[in-house]
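Data first, discussion second: the structure below is written as structure tokens.
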Amino acid sequence: MAAEAGLIAVGAGLAIGLTGLGAGLAEKDVGAAAVGAITEDVSLFGKAMVLMVLPETIVIFGLVVAILSVFMLGM
């Protein structure tokens, strides 16, 4: 039982950590393109802001998976 708890905790940490890493890598490219587009045309700010928020939803999904796995364990 204790080994299961440790493995589930490691899985929850990996779920958050890897989704955060993936979102950071995606946001790097999207952010560079968004800044370039805004310097060309300021009216694209709203669209660029929406595109900057989209990679962060992946982290929210990772957080949900981590929370569900911890609660399924009953910690």
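The figures that follow rest on heavy atoms only: side chains count, while hydrogens, waters and symmetry mates do not. Here the structure is a predicted model, which is why all the values come from computation and not from measurement.
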Show which side-chain atoms of residues 33-52 pair as donor or acceptor with protein atoms under 3.5 Å away, not counting sequence neighbours.
{"unit_1": "Thr39", "atom_1": "OG1", "unit_2": "Val35", "atom_2": "O", "d": "3.4"}
{"unit_1": "Thr39", "atom_1": "OG1", "unit_2": "Gly36", "atom_2": "O", "d": "2.7"}
{"unit_1": "Asp41", "atom_1": "OD1", "unit_2": "Ser43", "atom_2": "N", "d": "3.4"}
{"unit_1": "Asp41", "atom_1": "OD1", "unit_2": "Ser43", "atom_2": "OG", "d": "3.0"}
{"unit_1": "Asp41", "atom_1": "OD2", "unit_2": "Ser43", "atom_2": "OG", "d": "3.0"}

What side-chain donor-acceptor pairs closer than 3.5 Å can you find for residues 8-32, not counting sequence neighbours?
{"unit_1": "Thr19", "atom_1": "OG1", "unit_2": "Ala15", "atom_2": "O", "d": "2.7"}
{"unit_1": "Thr19", "atom_1": "OG1", "unit_2": "Ile16", "atom_2": "O", "d": "3.0"}

Margin query: Show, in sequence, the C-alpha distance, side-chain angles and deciding distance for Leu68 and Val64, and conclude whether the side-chain contact (heavy atoms from CB on, under 4.5 Å) test is met.
Written below: CA-CA 6 Å; Leu68 285 175; Val64 168; 4.0 Å; yes
